Student: 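Got a structure for you, questions after.
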Amino acid sequence: MKDRTVRGMKISIAAIFSALLLIACGTNDSDMEEEPDPQATGMAVWNHLEQENYQDTWRLFPGTEELYEGTDPHGSLLTIYLNDVAYDAAMNGENTMPYGAIIVKENHMPDSTLVAITTMYKVQDYNPKHNDWFWLRNNAEGVIDVEGRIDGCQSCHQQASATDYVFTEPPAQ
């Protein structure tokens, strides 16, 4: 009988210790809901965009609407989506995007056919020479065309260096 009591006490102590350990770790719902930033690879970023369901859950770039008039090299019509990090920075008028900011630009033909998806992703220490932007271009089916430190993207967006390589004004409609 004494052995059962001692064993029961050990189990109770172990259960209490486990509960205290969980409390001390501070898990909460917001920690569990937040997706970690993807790695700076085309596949990781594309998978993140799909998991986030960006078209339905992210907001449009302030001052734009779906399928607004675009310019070269992106297409006749554009739609730009921002994750919360990028959207908050844009709404607050910040000239530098914080790390974790993701900007997705859908490139469309004049008849609104999607032809490409271009993405800018701000990653700490990724490419300091060009403000740490990782670039990605997918075709309409999601296949990666090019990724990384893309010369064409960097040289064009460098013109917007005062706003962290982000063109903040949509073209006049």
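No hydrogens, no waters, no symmetry mates; every other heavy atom, side chains included, goes into these values. Along the sequence shown, residues carry numbers from 1. What you see is a predicted model; the values in this text were computed from it and never measured.
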Student: Flag the pair Tyr68 / Leu77 as yes when at least one side-chain heavy-atom distance between them is below 4.5 Å, and no otherwise.
Tutor: no
Student: By ring-ring contact (aromatic ring centres under 6.0 Å, His included), which residues pair with His74, not counting sequence neighbours?
Tutor: none
Student: Test side chain to side chain contact (heavy atoms under 4.5 Å, CB included) on His157 and Trp133 and set out the steps.
Tutor: CA-CA 10 Å; His157 281 262; Trp133 286 105; over 6 Å; no
Student: Could you walk me through whether Tyr99 and Val123 satisfy the side chain to side chain contact (heavy atoms under 4.5 Å, CB included) test, starting with their C-alpha distance in whole Å, then the side-chain angles of each, then the deciding distance to 0.1 Å, before giving a yes or no?
Tutor: CA-CA 5 Å; Tyr99 293 112; Val123 182; 5.6 Å; no
Student: Would a hydrophobic clustering, with Ile, Leu, Val, Met, Phe, Trp and Tyr connected at side-chain separations under 4.5 Å, put Ile102 with Val166?
Tutor: no
Student: For the aromatic rings, using the six-membered ring if either is Trp, is the centroid distance between His130 and Trp135 under 6.0 Å?
Tutor: no
Student: What are the two closest non-hydrogen atoms of Lys122 and Asp164, and how far apart are they?
Tutor: NZ-OD2, 2.6 Å
Student: According to a hydrophobic-cluster definition based on side-chain heavy atoms being under 4.5 Å apart (Ile, Leu, Val, Met, Phe, Trp, Tyr only), do Val104 and Ile150 belong together?
Tutor: no
Student: With the side chain counted from C-beta on, respond yes when Met43 and Glu147 share a heavy-atom pair under 4.5 Å apart, and no when they do not.
Tutor: no
Student: Determine whether Glu52 and Trp58 satisfy the following criterion, side chain to side chain donor-acceptor pair (under 3.5 Å), listing intermediate values before the conclusion.
Tutor: CA-CA 8 Å; Glu52 288 280 309; Trp58 292 11; 3.2 Å; yes
Student: In the single-linkage hydrophobic clustering (I, L, V, M, F, W, Y; side-chain heavy atoms under 4.5 Å), do Ile117 and Met120 co-cluster?
Tutor: no
Student: Do Tyr126 and Val45 belong to the same hydrophobic cluster, where Ile, Leu, Val, Met, Phe, Trp and Tyr are linked whenever their side-chain heavy atoms lie under 4.5 Å apart, directly or via other members?
Tutor: yes
Student: Can you name the salt bridge (Lys or Arg N to Asp or Glu O under 4.0 Å) partners of Asp132, sequence neighbours left out?
Tutor: none
Student: Got a second to check how far Leu136's CG is from Ile144's CD1, nearest 0.5 Å?
Tutor: 5.5 Å
Student: Between OG of Ser161 and CG of Asn95, what distance do you get to the nearest 0.5 Å?
Tutor: 10.5 Å
Student: Minimum heavy-atom separation for Ile80 to Lys105, with atom names?
Tutor: CD1-CE, 3.7 Å
Student: If you look only at pairs with a residue in residues 79-88, which of them pass as a side chain to side chain donor-acceptor pair (under 3.5 Å), with sequence neighbours excluded?
Tutor: Arg59-Asp84
Student: Are side-chain heavy atoms of Met109 and Ser76 found at a separation under 4.5 Å?
Tutor: no
Student: To the nearest 0.5 angstrom, please state how far the CG atom of Leu67 sits from the CG atom of Leu114.
Tutor: 9.5 Å
Student: Can you name the closest pair of heavy atoms from Ala44 and Pro38 and give their distance?
Tutor: O-CB, 3.7 Å
Student: Verify the distance criterion only: is there a donor paired with an acceptor across the side chains of Tyr121 and Gln39 at less than 3.5 Å?
Tutor: no
Student: Does any N or O in the side chain of Glu94 come within less than 3.5 Å of the main-chain N or O of Ala89, such that one atom is a donor and the other an acceptor?
Tutor: no
Student: Could you give the distance from CD (Gln158) to NZ (Lys129), rounded to the nearest 0.5 Å?
Tutor: 8.0 Å
Student: Test of understanding: clusters of I, L, V, M, F, W, Y form through side-chain heavy atoms closer than 4.5 Å, transitively. Do Phe134 and Val146 belong to the same one?
Tutor: no
Student: Which heavy atom in Asp37 sits nearest to a heavy atom in Gly100, and how many Å separate them?
Tutor: OD2-CA, 3.8 Å
Student: Do Leu49 and Thr119 have side chains that get closer than 4.5 Å, going by heavy atoms?
Tutor: yes
Student: For Gln154 and Asn127: C-alpha separation, side-chain torsions, deciding distance, then whether side chain to side chain donor-acceptor pair (under 3.5 Å) applies.
Tutor: CA-CA 10 Å; Gln154 292 173 154; Asn127 186 6; 2.7 Å; yes
Student: How long is the straight-line distance from NE2 of His48 back to OH of Tyr54, given to the nearest 0.5 Å?
Tutor: 12.0 Å
Student: How long is the gap from CG on Asp72 to CG on Asn107, to the nearest 0.5 Å?
Tutor: 10.5 Å
Student: Evaluate the side-chain proximity of Leu78 to Phe61: yes if any heavy-atom separation is below 4.5 Å, no if none is.
Tutor: no
Student: Contact between His108 and Val115 at the side-chain level, heavy atoms closer than 4.5 Å - yes or no?
Tutor: no
Student: Is a side-chain N or O of Asn139 found less than 3.5 angstrom from the main chain of Val143, in a donor-acceptor match?
Tutor: yes
